[in-house]
Number of protein chains: 2
Amino acid sequence: MKRKVTLKQIAKELDVSISTVSKALRNSVEISEDTKQKVQAFAKLYNYKPNNIALSLKNRKTNTIGIIIPEIVHHFFSKVIRGVELVANQRGYNVIIGLSNESFAKEVINMEMLANGSIDGFIISLSKETLQLQDYHHFNETINQGMPIVMFDRVVNEIQCDKVIVDDFEGAKNAVEKLIKNECKHIALITTKDYVSVGRLRTQGYLEALKTHGQDLKAELILKLDDNVDYEVNLDALEKEIEQLFKSNSKIDGIFAVNELYALTAMRVAGRLGFRVPDDIQVIGFTDGVLSKHSTPSLSTVSQHAQLMGEKAAGLLIDKLENDHEDETYQTQIIASELIERESTK
Amino acid sequence: MKRKVTLKQIAKELDVSISTVSKALRNSVEISEDTKQKVQAFAKLYNYKPNNIALSLKNRKTNTIGIIIPEIVHHFFSKVIRGVELVANQRGYNVIIGLSNESFAKEVINMEMLANGSIDGFIISLSKETLQLQDYHHFNETINQGMPIVMFDRVVNEIQCDKVIVDDFEGAKNAVEKLIKNECKHIALITTKDYVSVGRLRTQGYLEALKTHGQDLKAELILKLDDNVDYEVNLDALEKEIEQLFKSNSKIDGIFAVNELYALTAMRVAGRLGFRVPDDIQVIGFTDGVLSKHSTPSLSTVSQHAQLMGEKAAGLLIDKLENDHEDETYQTQIIASELIERESTK
DNA sequence: TTCCGTCACGAAAACGTTTTCGTGTTAAAA
DNA sequence: TTTTAACACGAAAACGTTTTCGTGACGGAA
């Protein structure tokens with residue numbers, strides 16, 4: 001077992017100073033050709049690679065970015081990570097992940113753990129609990145210490161930083177307009193409670209589309225679900241809620257759901273109740289998920305371009321890092337969503 | 001913008017030495033109560049936290065583990081990561097990710113990038129290309145330098161290290177036996193080419209089950225797909241292959257597929273060809289996926305307990321790290337798979 | 001011969017810690 | 001009064017780099 005070789009060891013072996021070795025390896029003009037050759041050959045032989053930690057300490061720069069997300073077993077977030085990793089790698093950065101698990105406390109802990117020198121900057125999507133509590137001190141403190149943050153998807157105005165979001169409002173509006181254009185007269189909305197910013201915006205998009213096209217808003221067509229319930233493990237409850245929606249509104253002919261699971265479950269419940277999709281009821285979801293593509297019928301959906309969001313976020317962060325934060329202005333990049341039409345709409 | 005405060009700054013401010021500050025903060029008996037109080041109060045006020053990088057350099061221990069996987073937008077792998085992150089966090093470690101994207105070169109690059117001091121050990125699942133090339137030098141070099149590796153799922157005998165695998169053979173055998181018990185007489189296998197170890201083992205499980213129960217093996221019932229084709233983006237091609245399988249074997253009444261996508265697609269194709277699932281054809285997949293649960297009919301499947309695999313892998317790695325690698329023996333932990341019966345089987 | 005400039009290299013500081021060892025002061029013991 | 005021990009603290013090394021600055025040797029110019 002050969003431990004990694006250091007400059008010091010090379011220096012000793014070759015009977016020169018550490019400085020000489022370092023310079024020789026970096027091809028400094030200060031060092032004679034002879035010595036350079038000798039040192040470089042030796043280094044190659046022993047597969048010398050500079051120690052990253054030492055470099056980080058010296059340069060006060062880790063070339064690592066931290067990404068904190070609520071959940072990783074989630075198509076959207078894993079695609080974002082892929083985007084982040086892609087450009088991070090291209091630009092010589094590593095990616096370290098922290099999962100908040102939708103918990104405020106874990107978000108704070110994770111950030112504190114990483115903020116003490118382990119990384120150069122953060123990419124973050126807020127946990128639901130943080131959104132509820134509206135406690136953003138940990139972000140502001142981090143920013144105050146000179147560590148840049150880029151937020152994506154679940155963002156919040158109270159924090160001054162770069163942001164990457166999808167046009168939730170427009171995306172939802174387009175989706176609902178599509179349903180209207182397809183002659184749906186009674187479009188239901190399945191959404192979350194308002195504290196999740198994206199849910200709120202998508203709800204507003206729905207409202208706006210109705211308003212624009214002169215459909216009146218019927219409160220009984222809106223189902224607001226408690227997003228704290230994990231319907232992924234509690235599917236029955238979700239189905240009951242949706243079934244209730246159908247039963248008290250027999251004329252529903254269109255559904256816009258703010259995420260994939262809601263949309264899919266709505267389709268299934270509709271089918272069970274004897275409705276045909278898309279003939280009787282058309283459905284559009286909001287997501288980057290894998291379910292939409294593979295369900296039968298496949299689900300029309302508003303794609304968020306998650307990977308692109310990750311790429312943009314990483315790009316923004318690294319730009320800021322390499323400009324030495326000199327740019328004190330913050331930008332919000334909006335990624336255009338895209339309506340992907342599949343079998344659940346006409 | 002207040003930069004993070006260091007020991008040196010505290011020392012200067014309080015007019016004591018750096019050593020004194022360090023000791024005071026660690027509650028050393030060498031320091032008087034008075035001084036301790038003063039220092040600790042000051043540190044708290046300025047929110048002093050030791051710099052991780054400096055600690056890493058000093059202790060030659062980063063408390064970070066690297067996980068290298070072929071793909072992150074994948075239910076199985078993201079669940080593994082969740083498991084890894086869970087126990088890593090519990091035990092005070094961070095997790096840094098590298099994506100090989102199924103490429104040998106990227107796997108090597110990623111490992112080299114991390115092996116130079118950034119992490120204490122690796123958790124890895126091999127890329128397909130690595131499995132094909134059978135070039136494992138980067139693993140052996142890493143291990144030789146004293147950095148422990150734990151492999152999971154896609155492992156290989158040539159590398160001496162701890163491993164965590166699922167009982168692919170048994171899992172497949174059980175699944176096929178379930179089909180046999182449910183009176184399937186013509187069970188087809190949809191699998192990958194043999195270089196992916198897990199595909200090979202599952203295939204063997206299928207063969208073994210047939211043999212045990214006296215069914216003869218019909219080569220035309222086995223569909224070996226080229227796993228290099230990304231059928232996720234090339235669904236049509238996959239459907240065609242499977243359709244071909246059905247058409248040339250009209251008596252198929254059971255299907256065992258080595259992953260979720262194959263199983264799901266088989267169900268869909270079967271449906272299109274007029275077969276009813278599970279009445280005419282029963283289907284079992286192999287996966288930890290989300291598709292199985294939400295498809296209609298929902299898919300019976302062999303669960304791999306991905307998160308548990310991640311937890312075990314992290315546990316093994318950290319154990320080895322904290323025993324100072326003194327334990328020179330390697331173990332292979334086998335996670336029992338579990339047949340989850342849903343609607344696609346009787 | 002003297003001076004100066006170039007060449008090739010080494011010493012040392014710095015990044016932020018922890019820890020070992022040394023040392024000056026004070027109080028108690030002889 | 002002298003010796004000793006406890007106490008409280010500081011200096012310095014170490015982790016592995018990079019970089020600035022200093023310096024001795026040597027050759028050429030004056």
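Chain A is the first sequence line, chain B the second, and so forth, proteins listed ahead of strands; every chain is numbered from 1.
Using a 4.0 Å heavy-atom cutoff across all strands shown, A:Ser19 reaches at least one base atom of the nucleic acid. Across all strands, B:Ser56 comes closer than 4.0 Å to no nucleic acid atom at all (heavy-atom distances). Among the protein residues, A:Leu55 comes within range of the sugar-phosphate backbone only, with heavy atoms under 4.0 Å from sugar or phosphate atoms but none that close to a base. Residue contacts shown for A:Thr6 are limited to sugar-phosphate atoms, with no base heavy atom under 4.0 Å away. Within the nucleic acid shown, B:Lys23 comes within 4.0 Å of at least one base atom, counting heavy atoms only.
For A:Asp162, the salt bridge (Lys or Arg N to Asp or Glu O under 4.0 Å) partners are A:Lys320, not counting sequence neighbours.
Around the NZ atom of B:Lys12, the shell of radius 6.0 Å holds no more than 12 heavy atoms that belong to other residues, nucleotides or ligands. No more than 12 heavy atoms of other residues, nucleotides or ligands lie within 6.0 Å of CG in B:Asn157, so this atom counts as exposed by the packing criterion.
Mapping heavy-atom proximity under 4.0 Å, the span of DNA chain D touched by chain B runs 5' to 3' from D:dA8 to D:dG16.
Ion pairing between a basic and an acidic side chain is recognised when a charged N comes within 4.0 Å of a carboxylate O; A:Glu30 and A:Lys36 show no such pairing. A salt bridge links B:Arg91 and B:Glu322; the closest N-O separation between the charged side-chain nitrogens and carboxylate oxygens is under 4.0 Å. Salt bridge B:Glu71/A:Arg82: present, at least one basic N to carboxylate O contact under 4.0 Å. B:Glu85 has a carboxylate O that lies under 4.0 Å from a charged side-chain N of A:Lys106, or vice versa, which qualifies the two as a salt bridge. For the pair A:Lys38 and A:Glu13, the salt-bridge criterion is not met [side-chain N within less than 4.0 Å of a carboxylate O].
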>> Evaluate B:Val87 against B:Gln90 for side-chain contact (heavy atoms from CB on, under 4.5 Å), listing each step before the verdict.
In response: CA-CA 5 Å; B:Val87 337; B:Gln90 277 171 1; 4.3 Å; yes
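Nearest-nucleotide positions on DNA chain D place B:Lys36 closer to the 5' end than the other of B:Lys36 and A:Pro50. Nearer to the 5' terminus of DNA chain D, by closest-nucleotide assignment, is the contact made by B:Ile18 (compared with the other of B:Ile18 and B:Ala54).
Listed pair A:Thr35 / C:dA8 fails the phosphate criterion, with no side-chain N or O lying under 4.0 Å from OP1 or OP2.
With axes fitted over five pairs at each extremity, the angle between the ends of the helix from C:dT1-D:dA30 to C:dA30-D:dT1 is 90° (10° resolution).
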